[in-house]
Amino acid sequence: MPPRPGLTPERIVDAAAELIDRDGYDQLALGKVAADLGVRTPSLYNHIDGLDELRRLLTIRALTVLGAELQRGAVGIGAEDAVRGIATAYRRFAHEHPGLYATTVPSIEDADAEVQRVGAQVMHTVLTALAGFGLDEAAAIHATRSVRSAVHGFVSLELAGGFGIPVDIDASFVWLTDLLADGIRGRSGNA
C-alpha cells in the first residue's frame, strides 16, 4: 500500500505528542494516533515501524525540546541563576508537555545512538550551566542529579495535585531553586 499523501513520520509524532500531552503517556496506542489523524492504523506502518519506534521518536522529540528550553533558561547567566533558569525551564516543559515529559524520565544509557546523542546534548547544556561553580566532573554529575531529582519531585507532586496547603506554589518553587543554587555553591568550595 503506498503512503497516504500528507502523512509523514513527523505528523505521526506530532499527533502522538498531542495525544500523550492531552491523555497521558500510558494512553499511547497506534489506534488512537491513527484515529486522531483520521487514518486507519495500518497506514501508520508506511511511515513508522510500530509502537516501539513511535516511543523512540517521542523520546527524541522530548529531549530535543527540553534541551532547547534548558539552553534558553541557562545560557549567558551566572551559575546560581543558571540553576534557577534550568529548574524553571524544566518545570515549564513538564507543565506544557506532561506526556512528552514522561518520556524523558527513564535513563537513556541503554537507548539507541540517536536517543543517546540527543540526551547527551541535554546533559551538556546542564553541565555547561553548572561549570560556573567550578565543580570537578563527579561533583557536577552529583549536582545535575540533585537538580533533576528535586525539580522532578516538585513537578510530579505539583502535577498530581500534591500541594493542597493554600500557600503560593510558585513561591515554594523559588525556595527550592534557591536551596539548590545555594547548596551547590556551598558544596563547590567557592562560597
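Here, residue 1 is the first one in the sequence, and each next residue gets the next number. The figures that follow rest on heavy atoms only: side chains count, while hydrogens, waters and symmetry mates do not.
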Might you work through the side-chain contact (heavy atoms from CB on, under 4.5 Å) test for Leu57 and Ile48, ending with a clear yes or no?
CA-CA 9 Å; Leu57 294 171; Ile48 61 168; 4.0 Å; yes
Open item on the list: Walk me through whether Thr177 and Val147 qualify under side-chain contact (heavy atoms from CB on, under 4.5 Å).
Closed with: CA-CA 8 Å; Thr177 59; Val147 170; over 6 Å; no
task: Could you walk me through whether Val39 and Leu44 pass the side-chain contact (heavy atoms from CB on, under 4.5 Å) test, one step at a time?
output: CA-CA 8 Å; Val39 299; Leu44 301 181; 4.1 Å; yes
Checklist entry - Please walk me through it: do Glu114 and Ile60 pass side-chain contact (heavy atoms from CB on, under 4.5 Å)? => result CA-CA 8 Å; Glu114 180 67 8; Ile60 291 168; 3.4 Å; yes
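Within 6.0 Å of the NE2 atom in His95, the count of heavy atoms belonging to other residues, nucleotides or ligands exceeds 12. Around CD of Gln27, the count of heavy atoms belonging to other residues, nucleotides or ligands within 6.0 Å exceeds 12. Counting non-hydrogen atoms of other residues, nucleotides and ligands closer than 6.0 Å to CZ of Arg22 gives a total above 12.
Side-chain contact check for Asp170 versus Arg91: some heavy-atom pair is nearer than 4.5 Å. The side-chain heavy atoms of Ile184 and Leu135, taken from C-beta on, include a pair separated by under 4.5 Å. Contact of the Asp178 side chain with the Arg84 side chain is registered, since non-hydrogen atoms from C-beta on lie closer than 4.5 Å. Taking the side chain as every heavy atom from C-beta outward, Thr104 and Val122 never approach each other to under 4.5 Å. Residues Val33 and Thr41 have side chains not in contact (no heavy-atom distance under 4.5 Å, counting atoms from C-beta outward). Within the 4.5 Å cutoff, the side chain of Asp36 has no heavy atoms near those of the Glu18 side chain.
Listed by chain and number, the residues in a salt bridge (Lys or Arg N to Asp or Glu O under 4.0 Å) with Arg61 are Asp14 (sequence neighbours excluded). In this structure, Asp26 has no salt bridge (Lys or Arg N to Asp or Glu O under 4.0 Å) partners at least two apart in sequence or on a different chain.
Linking ILVMFWY side-chain heavy atoms closer than 4.5 Å, directly or via other members, places Ile108 and Leu66 in a single hydrophobic cluster.
Contact detail for Ala87 and Val151: the closest heavy-atom pair is CB-CG2, 3.6 Å.
Checked against the 6.0 Å centroid criterion, the rings of Phe93 and His97 qualify as a close aromatic pair. Annotation: Tyr101 is in aromatic contact with Tyr90 [ring centroid separation under 6.0 Å].
With rounding to the nearest 0.5 Å, the separation of CD in Glu80 from CG in Leu130 is 10.5 Å. The distance from the CG atom of Leu157 to the OG atom of Ser172 is 11.5 Å, given to the nearest 0.5 Å. Atom OG1 of residue Thr64 and atom CZ of residue Arg117 lie 7.0 Å apart, to the nearest 0.5 angstrom. Note that CD of Glu69 is 10.5 Å distant from CD of Gln71, once rounded to the nearest 0.5 Å. Separation of atoms CG (Leu30) and CD (Glu53) is listed at 10.5 Å; rounding is to 0.5 Å.
In summary, Asp49 and Arg56 do not engage in a salt bridge, as defined by a charged side-chain N under 4.0 Å from a carboxylate O. Using a cut-off of 4.0 Å between Lys/Arg side-chain N and Asp/Glu carboxylate O, Asp182 and Arg185 are scored as not salt-bridged.
Side chain of Thr125 to backbone of Gln121: a donor-acceptor contact under 3.5 angstrom is found. A donor-acceptor pair under 3.5 Å is absent between the side-chain atoms of His47 and the main chain of Ile12, judged by distance alone. With Ser149 contributing its side chain and Ser146 its backbone, the two residues share no donor-acceptor pair below 3.5 Å. Without hydrogens or angle criteria, Arg148 side chain to Val105 main chain gives a donor-acceptor distance under 3.5 Å.
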